[in-house]
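Quick caveat: nothing in here was measured; it's all calculated off a predicted structure. Letters go in sequence order (proteins before strands), and every chain restarts at 1.
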Amino acid sequence: MQKLKATIRHSEIIARDTVQFDLLIDPTILKTIQPGQFVHVNIDDSSEHMLRRPISIADVKPDESLLTLIFKQFGEGTKKLAQLKAETPIDLLIPSGNGYPIDDLAIEHALLIGGGIGVPPLYYLAKKLKEKNVKVTTVIGFQSADDVFYEEAFLTLGDCFVATDDGSYGYEGFVTDVMDQNKIDFDMYFACGPNPMLRAVKYTLSDKEGYISLEERMGCGIGACYACVVPNRDETAYKKVCHDGPVFHTSEVSI
Amino acid sequence: MQKLKATIRHSEIIARDTVQFDLLIDPTILKTIQPGQFVHVNIDDSSEHMLRRPISIADVKPDESLLTLIFKQFGEGTKKLAQLKAETPIDLLIPSGNGYPIDDLAIEHALLIGGGIGVPPLYYLAKKLKEKNVKVTTVIGFQSADDVFYEEAFLTLGDCFVATDDGSYGYEGFVTDVMDQNKIDFDMYFACGPNPMLRAVKYTLSDKEGYISLEERMGCGIGACYACVVPNRDETAYKKVCHDGPVFHTSEVSI
Amino acid sequence: MSLDVQLPGLNLKNPIMPASGCFSFGREYSQFYDLSELGAVIIKAATKHQRLGNKTPRVAETKSGMLNAIGLQNPGVSSIIADELPFLSQFQTSVIANVAGSTVEEYEHVARSFKDTSLIHAIELNISCPNVKEGGVQFGTDPELAFEVTRRVKEQSNVPVYVKLSPNVSDIVEIAQAVEKAGADGLSMINTLTGMKIDLHKKQPLLANQVGGLSGPAIKPVAIRMIYQVYQAVDIPIIGMGGVLTPEDVLEFLLAGASAVAIGTANFKNPMICKEIIDALPETLSSYGFSSVKEAIGGAHNG
Amino acid sequence: MSLDVQLPGLNLKNPIMPASGCFSFGREYSQFYDLSELGAVIIKAATKHQRLGNKTPRVAETKSGMLNAIGLQNPGVSSIIADELPFLSQFQTSVIANVAGSTVEEYEHVARSFKDTSLIHAIELNISCPNVKEGGVQFGTDPELAFEVTRRVKEQSNVPVYVKLSPNVSDIVEIAQAVEKAGADGLSMINTLTGMKIDLHKKQPLLANQVGGLSGPAIKPVAIRMIYQVYQAVDIPIIGMGGVLTPEDVLEFLLAGASAVAIGTANFKNPMICKEIIDALPETLSSYGFSSVKEAIGGAHNG
Ligand SMILES: Cc1cc2nc3c(=O)[nH]c(=O)nc-3n(C[C@H](O)[C@H](O)[C@H](O)COP(=O)(O)OP(=O)(O)OC[C@H]3O[C@@H](n4cnc5c(N)ncnc54)[C@H](O)[C@@H]3O)c2cc1C
Ligand SMILES: Cc1cc2nc3c(=O)[nH]c(=O)nc-3n(C[C@H](O)[C@H](O)[C@H](O)COP(=O)(O)OP(=O)(O)OC[C@H]3O[C@@H](n4cnc5c(N)ncnc54)[C@H](O)[C@@H]3O)c2cc1C
Ligand SMILES: Cc1cc2nc3c(=O)[nH]c(=O)nc-3n(C[C@H](O)[C@H](O)[C@H](O)COP(=O)(O)O)c2cc1C
Ligand SMILES: Cc1cc2nc3c(=O)[nH]c(=O)nc-3n(C[C@H](O)[C@H](O)[C@H](O)COP(=O)(O)O)c2cc1C
Ligand code: FES
Ligand code: FES
């Protein structure tokens with residue numbers, strides 16, 4: 001992991017309160033990135049915000065030295081980030097955590113399941129799986145039509161089903177409803193989203209193997225402060241989301 | 001007094017660590033400004049700096065809707081201000097305090113005495129006195145040659161003597177040394193600078209009438225918090241620098 | 001959206017009031033907005049006689065906060081009653097008088113003096129001042145002294161008494177319960193934390209008084225914690241304060257258990273802050289699902 | 001420029017060390033710089049047995065600070081000695097073990113356990129944990145309990161003991177003097193202030209543990225004040241901490257009376273902070289007229 005300054009090459013609002021940053025960054029580090037890893041972002045140099053913000057890596061283009069982040073304006077920190085303009089330097093710890101271990105997996109058809117701000121890391125995952133000739137089907141859920149992003153991008157890589165909580169776009173309901181209705185055939189699933197969604201997915205797909213990416217409030221982001229823990233399967237010890245995760249095999253953790 | 005946003009039209013380094021801002025501002029307020037008044041500047045919208053910074057008004061050009069501030073990068077707040085670029089909005093309380101009461105004075109020859117960051121308000125004062133056909137002589141002191149600013153500007157309005165503590169420019173020594181050596185003839189003096197300088201001036205010119213502008217750490221800047229007090233002449237009560245000053249007749253205060 | 005709150009002696013049209021010492025007696029801020037907008041005004045501390053306060057520097061900035069050591073500069077209670085209260089009485093707002101002293105007798109005197117005016121609606125008893133007789137202990141850090149001064153000031157007052165607690169204590173609940181038992185009608189919390197800043201150039205404490213009171217957003221978590229704990233332990237209402245800067249901060253204080261919220265330091269950064277927060281409060285409350293201020297009070301204790 | 005400082009058990013090449021709990025046992029930060037650069041490392045709290053700590057969320061951001069309620073998660077003292085200290089011993093730096101417990105017996109056990117290793121140079125006795133046996137009072141808020149636990153841990157230790165004081169007290173000097181009398185070799189101050197943040201969406205305290213410890217620049221004025229006061233009242237050295245972010249902050253702590261300075265929260269914002277401050281310290285010191293660290297210690301008390 002490194003601490004480095006990237007430069008915002010392009011910033012764009014791609015859905016309601018949802019910002020995409022394309023960051024110019026040293027390409028040697030980009031080549032090492034696994035899908036599912038994140039960056040730990042410093043809001044600014046002032047002391048007002050003492051904690052960095054974890055944001056998943058949504059895409060990597062080593063040829064163009066570009067790294068893509070997609071984040072939702074939620075509280076003060078992400079609102080400040082959203083205001084940064086092109087050419088602004090931005091201080092990152094990169095790469096953070098462990099991604100989806102796709103190099104070690106022999107699979108033919110992957111189901112990717114994402115909810116809200118859990119969708120971004122699945123895009124780079126889908127790209128990487130596709131490169132390995134794995135068939136990719138994606139199910140992504142959002143609150144409402146205004147929140148939907150990256151449907152077309154996922155469609156270029158395989159099937160993509162979209163659900164919204166209020167039915168204003170695609171299927172009405174949760175990602176699990178879409179899965180129920182579409183009897184998708186797959187070897188393994190990869191999920192990222194809020195904990196209630198992950199719990200529902202794990203329950204619904206209890207006969208399948210899967211990897212999930214967890215969210216937890218972080219301090220250091222590097223494994224030193226014990227802020228971001230999640231109990232192991234039998235709840236006898238904790239794992240650190242920032243260091244042992246954020247991606248875990250479903251059998252590793254109790255959520 | 002008003003709280004308003006001005007816009008930085010131009011920012012320039014005019015001497016070591018010394019920045020001049022020309023601010024675009026509603027001209028109606030500019031017409032009311034007295035020389036010696038100040039603005040109370042908000043550093044930024046973050047909570048890191050809860051106190052504003054008092055900065056004297058160095059010049060006013062109502063025709064161009066311009067207000068000039070000159071300030072030295074001293075601590076964190078003025079360093080942050082110095083980094084602001086043209087077009088940035090800046091939040092001011094304006095006009096603050098009472099200036100030099102020149103409209104009520106019948107004088108022919110004024111001596112203006114400034115030290116370091118006490119020099120800026122004297123420029124607008126000199127301009128205003130000149131408009132009233134008062135002869136102006138200025139004695140300004142700086143630490144070193146690199147710190148000197150506005151000598152030419154003052155020379156267009158009358159005599160101007162410059163002293164530096166280390167003798168690297170103009171006279172060597174303090175403004176009082178220059179005064180000693182040049183037997184300047186005048187009716188009344190107007191001084192602004194650090195307290196030791198003001199004390200020396202008051203002592204040296206004890207036979208003359210004069211007005212001095214004081215510096216004190218401020219909270220509210222409007223007279224409500226009692227932070228910025230200075231004892232009255234017989235030390236039986238306090239005056240507020242932000243509200244009763246910053247300009248006082250030498251007989252009003254004990255410094 | 002109903003913003004009103006009824007507290008002992010205080011019929012507040014909204015829960016927002018400037019904190020004592022940050023608003024003087026209101027004159028200066030009245031150039032920025034109509035003080036009738038305010039729920040109440042808490043005026044600068046009053047002592048028996050005029051006090052000159054401490055030497056300067058009296059304030060210093062700290063990260064997300066400030067230190068002050070004004071030292072209770074005020075013109076004395078009679079002069080406040082004669083010269084300041086009439087000005088405030090032209091506005092449709094409640095007035096809370098902050099009462100300070102160095103001895104119990106001084107507190108009693110000031111409280112008694114306020115009986116002569118109908119222009120105040122409540123007393124905020126500031127027990128964070130050093131008790132000279134007991135050798136500089138603060139009334140606010142010793143439960144027995146706190147009890148005693150509260151009891152005696154209550155006896156002298158014809159308006160409800162809110163006791164303003166110091167956060168510089170090992171056990172805030174103990175003090176709160178002591179003053180409740182002594183008859184306090186409400187609590188006001190928190191006053192400033194004791195802090196210091198060193199002037200690196202001069203190599204000595206920056207404030208002439210050496211130590212000062214830390215206020216501003218830096219102390220908000222301490223204020224919220226203390227209000228949350230005290231709310232569970234007493235039955236009298238709390239006026240909350242400490243670092244309020246936004247309408248969300250106000251809601252946080254209400255949820256923690258405050259019935260009204262005072263704003264101090266933030267007035268210095270933005271002299272319009274109290275009015276801006278009052279204007280924004282309805283939208284903030286409704287965006288978090290509340291239809292009145294009353295509904296939010298203590299809302300974080302239902303879990 | 002000489003940065004070295006000699007303290008009981010600690011021959012520091014510079015006064016900078018990461019604070020306990022913010023640096024784990026050093027492994028993670030060793031990817032950012034060579035830990036041999038550090039004056040010392042204060043490791044995460046050790047208890048008798050493994051502890052799992054509190055439920056999440058365990059941290060929350062506040063203005064210029066943060067709250068934490070980790071809850072002493074650690075693998076237990078034997079595992080720390082076996083698995084963590086050998087890693088740290090490859091670096092040329094002193095190691096200070098932070099000792100925690102819920103009872104005096106647990107503190108004694110942990111201190112005794114560290115006798116078996118030569119890899120620690122001092123103990124930091126963390127008396128800010130809630131004392132379960134005494135009904136949740138902190139050892140650090142009662143001078144008699146503080147005296148007792150210090151005395152008994154001293155008896156069990158073969159390295160110097162620095163007692164880490166809690167700032168949540170009415171009178172810090174009283175506690176400092178009590179532990180000095182009990183034989184403490186030094187003090188470490190301050191630990192976190194107790195605070196709370198309310199989650200406005202969930203309408204309940206944000207941290208699972210409800211309250212947490214406030215750290216970061218927000219608390220620096222409280223730390224400086226307490227160190228300044230304690231420095232005048234005791235004869236043992238102080239390791240200062242609380243909100244350090246810059247080399248100027250380090251100088252402020254030294255002037256207030258700290259002999260060394262620990263950095264906690266700032267590591268999270270900038271994992272290189274300790275090294276960057278060590279590198280910048282000579283220039284900062286000389287720009288304020290000092291030619292060594294030692295010269296600056298207590299420098300604000302000469303006025
Ligand atoms: C591994 C990981 C990857 C993430 N990837 C993305 C992403 O790609 N896009 C995206 O929009 N969001 C992502 N999040 C969530 C994102 O970190 C939070 O939305 C963000 O930190 C909120 O910060 P704020 O300043 O807006 O909120 P504030 O409420 O002001 O933040 C205060 C503190 O709470 C923490 N916090 C608040 N909400 C969360 C949360 N949901 N998860 C973790 N910490 C939180 C913040 O980090 C900060 O320390 C990710 C979270 C994790 C743990
Ligand atoms: C009426 C008045 C007019 C002034 N006019 C000018 C001017 O025209 N140009 C200029 O360069 N400076 C001027 N000053 C001084 C200027 O206000 C300080 O240099 C500035 O506030 C320092 O802020 P900082 O953030 O750099 O320092 P910091 O040390 O970070 O400031 C911390 C706090 O201390 C206060 N403070 C520090 N030094 C001073 C000081 N000397 N006087 C008052 N407050 C101080 C700050 O306002 C702030 O609240 C004036 C001061 C006063 C009182
Ligand atoms: C400059 C200043 C002066 C103060 N004077 C008083 C006072 O006279 N009486 C009092 O009870 N509190 C006084 N306080 C404390 C405030 O009323 C308030 O309790 C504290 O500042 C916390 O609120 P804040 O963070 O919003 O400022 C003063 C605070 C400041 C900053
Ligand atoms: C996440 C976190 C964990 C901490 N854990 C411990 C601990 O285990 N033992 C201890 O004595 N102090 C602990 N502390 C307190 C710090 O060591 C330090 O005293 C405090 O944070 C003030 O310093 P700072 O403002 O530089 O962080 C912890 C602080 C934080 C932020
Ligand atoms: S955030 Fe510090 S251990 Fe994960
Ligand atoms: S700064 Fe508040 S009274 Fe002058």
Side-chain angles (χ1 to χ4, degrees), chain A residues 1-5 40-54 74-80 91-97 194-195 214-232 234-245 253-255, chain D residues 18 21-33 43-45 50-75 199-201 206-208 212 215-218 220 243 245-246 249 264-273 276:
Chain A
M1 193 182 334
Q2 288 180 41
K3 174 177 180 296
L4 53 74
K5 291 233 183 216
H40 210 31
V41 185
N42 189 23
I43 302 296
D44 58 30
D45 284 343
S46 91
S47 78
E48 189 179 19
H49 298 285
M50 287 302 293
L51 298 183
R52 290 170 176 261
R53 303 295 192 265
F74 171 74
E76 274 191 58
T78 49
K79 276 181 195 141
K80 283 200 182 157
D91 170 10
L92 309 175
L93 305 186
I94 176 171
S96 300
N195 272 4
L214 301 181
E215 260 180 40
E216 194 47 77
R217 288 187 180 244
M218 293 187 179
C220 66
I222 66 172
C225 76
Y226 302 85
C228 66
V229 297
V230 54
N232 66 1
D234 46 7
E235 310 203 353
T236 55
Y238 281 118
K239 305 234 165 214
K240 297 172 193 161
V241 170
C242 69
H243 184 257
D244 306 318
V253 289
S254 156
I255 54 170
Chain D
C22 301
F23 209 75
S24 195
F25 304 96
R27 277 180 214 277
E28 296 77 13
Y29 287 94
S30 70
Q31 20 172 359
F32 289 99
Y33 57 89
I43 60 177
K44 176 76 191 159
Q50 179 189 4
R51 290 224 196 166
L52 291 182
N54 296 321
K55 292 225 152 29
T56 59
R58 292 179 169 186
V59 295
E61 193 182 66
T62 66
K63 290 292 161 74
S64 293
M66 65 175 285
L67 292 166
N68 91 79
I70 306 297
L72 294 180
Q73 180 177 351
N74 81 97
D199 185 324
L200 301 186
H201 298 283
L206 195 152
L207 299 178
S215 61
K220 196 185 71 173
L245 201 58
T246 66
D249 291 336
T265 306
N267 289 287
F268 305 159
K269 191 169 172 81
N270 176 7
M272 304 284 289
I273 190 86
E276 287 177 9

Closest non-hydrogen contact found for D/Met66 with A/Leu51 is SD-CD2, 3.8 Å
If we ignore hydrogens and angles and just use 3.5 Å, is the side chain of D/Glu28 paired with the main-chain N or O of A/Ala224 as donor and acceptor? no
For a 4.5 angstrom cut-off between non-hydrogen side-chain atoms, does A/Val230 reach D/Thr56? no
Please name the pair of heavy atoms, one in A/Arg217 and one in D/Pro57, separated by the smallest distance, quoted to 0.1 Å. CD-CB, 3.9 Å
Interatomic distance, NZ@A/Lys3 vs OH@D/Tyr33, rounded to 0.5 Å, equals 12.5 Å
Any chance you could measure A/Lys240, atom NZ, to D/Ser24, atom OG, to the nearest 0.5 Å? 5.0 Å
Can you tell me which of D/Pro217, D/Gly65, D/Gly71, D/Ser64 forms the most heavy-atom pairs within a distance under 4.5 Å of chain A? D/Ser64
State the OH-NZ distance between A/Tyr238 and D/Lys55, to the nearest 0.5 angstrom. 5.5 Å
Taking all non-hydrogen atoms of both residues into account, name the closest pair between A/Thr236 and D/Leu52 and its distance. O-CD2, 3.6 Å
Can you tell which of A/Cys228, A/Pro231, A/Gly219 has the highest number of heavy-atom pairs within less than 4.5 Å of chain D? A/Gly219
Indicate yes or no: at least one non-hydrogen side-chain atom of A/Cys225 is less than 4.5 angstrom from one of D/Asn68. no
Check whether any side-chain heavy atom of D/Phe32 sits under 4.5 Å from a side-chain heavy atom of A/Met1, and report yes or no. yes
Do D/Asn74 and A/Tyr226 touch side chain to side chain, with heavy atoms closer than 4.5 Å? no
Measuring only between side-chain heavy atoms, which start at C-beta, is D/Phe23 closer than 4.5 Å to A/Cys220? no
Ranking A/Gly75, A/Gly221, A/Ala227 by heavy-atom pairs under 4.5 Å to chain D gives rank one to A/Ala227
Whether the side chain of D/Lys269 engages the backbone of A/Asp44 through a donor-acceptor N/O pair (distance < 3.5 Å, no angle test) should be reported. yes
At a heavy-atom separation under 4.5 Å, does D/Ile43 approach chain A through its side chain, its backbone, both, or neither? neither
CG on D/Leu245 to CE on A/Met50, rounded to 0.5 Å: 5.0 Å
Which atoms of A/Glu215 are under 4.5 Å from chain D, going by heavy atoms: the side chain, the backbone, both sets, or neither? neither
What part of A/Glu48 gets closer than 4.5 Å to chain D, counting heavy atoms only: side chain, backbone, both or neither? both
Does a sphere of radius 6.0 Å around CG in A/Asn195 hold more than 12 heavy atoms from other residues, nucleotides or ligands, not counting ones at 6.0 Å or beyond? yes
Which atoms of A/Gln2 are under 4.5 Å from chain D, going by heavy atoms: the side chain, the backbone, both sets, or neither? backbone
Below 4.5 Å from any heavy atom of chain A, which atoms of D/Thr62 appear? Answer side chain, backbone, both or neither. backbone
